[in-house]
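Structure first, commentary second.
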There are 2 protein chains.
Amino acid sequence: MSERTIGQLAAVSNVSVETIRYYEHQGLLPAPKRRRSGYRIYSDDFLTRLGFIRRAKELGFGLKEIRDLLTLADDPQSDKKAVKSICEHHLAELEQRIEDLNHMRQALFKLAKQCDGRGSVRYCPIIESLNR
Amino acid sequence: MSERTIGQLAAVSNVSVETIRYYEHQGLLPAPKRRRSGYRIYSDDFLTRLGFIRRAKELGFGLKEIRDLLTLADDPQSDKKAVKSICEHHLAELEQRIEDLNHMRQALFKLAKQCDGRGSVRYCPIIESLNR
DNA sequence: CTTGACTCTATAGTAGACTACAGGGTTATA
DNA sequence: TATAACCCTGTAGTCTACTATAGAGTCAAG
């Protein structure tokens with residue numbers, strides 16, 4: 001089975017019908033063939049492409065970056081350098097986010113450790129610290 | 001100077017006028033006194049409270065959690081345990097997010113390393129991996 | 001007293017990634 | 001052929017934490 005309606009593609013790809021249409025609208029999926037009735041018809045390529053999108057999302061890429069990656073992937077003329085550059089930008093962003101979260105984690109951990117969790121909130125080191 | 005208009009509070013707290021009104025609307029700030037004209041008048045307590053909110057935000061708490069913390073802090077009857085519990089929930093969430101980001105970072109790092117960044121995108125290990 | 005800066009309320013818009021209608025037409029199955 | 005299940009477009013709503021705008025009233029300085 002290599003031609004699917006949107007519902008069938010949704011079923012095999014585990015991406016909802018609405019999301020598939022949304023991806024098309026956002027330029028992540030090309031406009032598919034249509035029946036005379038207007039129904040979209042998807043070839044296997046679209047399944048591959050939805051897999052690409054899913055994996056890129058698992059790496060934390062946003063839809064805009066994914067669209068850029070797909071555009072590069074679609075054109076064999078394009079430079080590997082551009083792909084790598086997008087990845088490295090994203091890597092740097094991930095690292096920044098991790099660092100920020102680690103700072104929060106550290107600070108919160110210290111704070112939570114100071115609180116025995118018993119009694120009234122009156123002398124709560126957490127609250128006191130937030131009130132500085 | 002212990003009574004401020006909203007603009008003055010905004011200036012000293014570094015929180016915008018709109019955000020202050022928004023916080024009030026969201027229940028993070030109590031309704032302040034008003035002049036007969038309707039203008040809001042803020043005592044020093046509000047500056048402290050905005051500081052609390054800012055520091056809690058620096059720890060990554062969402063406004064809903066901050067509101068809960070403030071509600072607990074406002075009532076000396078409330079339990080320290082409740083405060084600690086909110087913090088530990090948030091800590092767990094931070095750790096989960098860090099773990100997720102670390103997985104992404106690891107995977108993306110490996111991928112980016114495999115790409116020399118030269119030539120056409122035709123045999124790009126990154127694209128190939130996303131296309132699996 | 002005028003003028004410009006400030007404040008008021010209520011509503012709408014922003015970003016990102018969807019999700020959910022409403023009001024149609026189409027297709028597959030009994 | 002009836003009808004349920006599907007598909008179409010376009011628009012609106014969701015979440016979070018604001019930010020912006022409109023239209024009107026108020027305050028302080030000159």
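Not measured: the values here are computed from a predicted model. In the text below, chain A, chain B and the rest are named by the order of the sequence lines, each starting its count at 1.
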| message | What I want to check is whether the side chains of A/Gln96 and A/Asp100 have a donor and an acceptor closer together than 3.5 Å. | response |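 A pair is found: one side chain offers a donor N or O, the other an acceptor, under 3.5 Å apart.
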Starting at [atom1] of [X] and ending at [atom2] of [N], how long is that distance when rounded to a whole Å?
X: B/Arg35; N: C/dT7; atom1: CZ; atom2: P; value: 9 Å
X: B/Tyr22; N: C/dT11; atom1: OH; atom2: P; value: 16 Å
X: B/Arg4; N: C/dT7; atom1: CZ; atom2: C1'; value: 17 Å
X: B/Arg34; N: C/dC8; atom1: CZ; atom2: P; value: 6 Å
X: A/Lys64; N: C/dC18; atom1: NZ; atom2: C1'; value: 16 Å
X: A/His90; N: C/dG16; atom1: NE2; atom2: P; value: 14 Å
X: B/Tyr42; N: C/dC8; atom1: OH; atom2: C1'; value: 11 Å
X: A/Arg67; N: C/dG16; atom1: CZ; atom2: C1'; value: 12 Å

Assert: residue with more 5' nearest nucleotide on DNA chain D, out of B/Phe61 and A/Gly38, is A/Gly38
- Item | Whichever of B/Ser37 and A/Thr5 has its nearest DNA chain D nucleotide further upstream toward 5' |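 Residue closer to the 5' terminus by nearest nucleotide: A/Thr5.
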query = Where the side chain of B/Arg40 is concerned, which of C/dC18, C/dT27, C/dC8 is the nearest nucleotide?
reply =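 Of C/dC18, C/dT27, C/dC8, C/dC8 is nearest to the side chain of B/Arg40.
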Of the listed C/dT26, C/dC8, C/dT19, the closest approach to the B/Ile6 side chain comes from C/dC8
5'-most contact on DNA chain C (nearest-nucleotide basis), A/Ile53 vs B/Gly7, goes to B/Gly7
For B/Val121 and A/Asp75 the tightest heavy-atom approach is CG1-O, 3.5 Å
*For A/Glu95 and B/Arg105, which heavy atoms make the closest approach, and how far apart are they?*
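It is CG-CD, 3.5 Å.
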Hey, could you give me the CD/NE2 distance between A/Glu65 and A/His89, rounded to the nearest 0.5 Å?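 That separation rounds to 9.5 Å.
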_B/Leu29 side, atom CG; B/Thr19 side, atom OG1 - distance, nearest 0.5 Å_ =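 OG1 of B/Thr19 is found 10.5 Å from CG of B/Leu29.
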Chain A contact limits on DNA chain D, taken 5' to 3' with a cut-off of 4.0 angstrom to heavy atoms: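 So the contact region on DNA chain D extends D/dC6 to D/dT9.
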Describe the nucleic acid contact of A/Arg21 in one word from base, sugar-phosphate, nothing, applying a heavy-atom distance below 4.0 Å.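 Result for A/Arg21 = base.
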How about A/Arg34: does its CZ atom have over 12 heavy atoms from other parts shown lying under 6.0 Å from it?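 For A/Arg34, atom CZ is crowded (more than 12 foreign heavy atoms under 6.0 Å).
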Are the charged groups of B/Asp74 and B/Arg49 less than 4.0 angstrom apart, N to O?
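Answer for the salt bridge query: yes.
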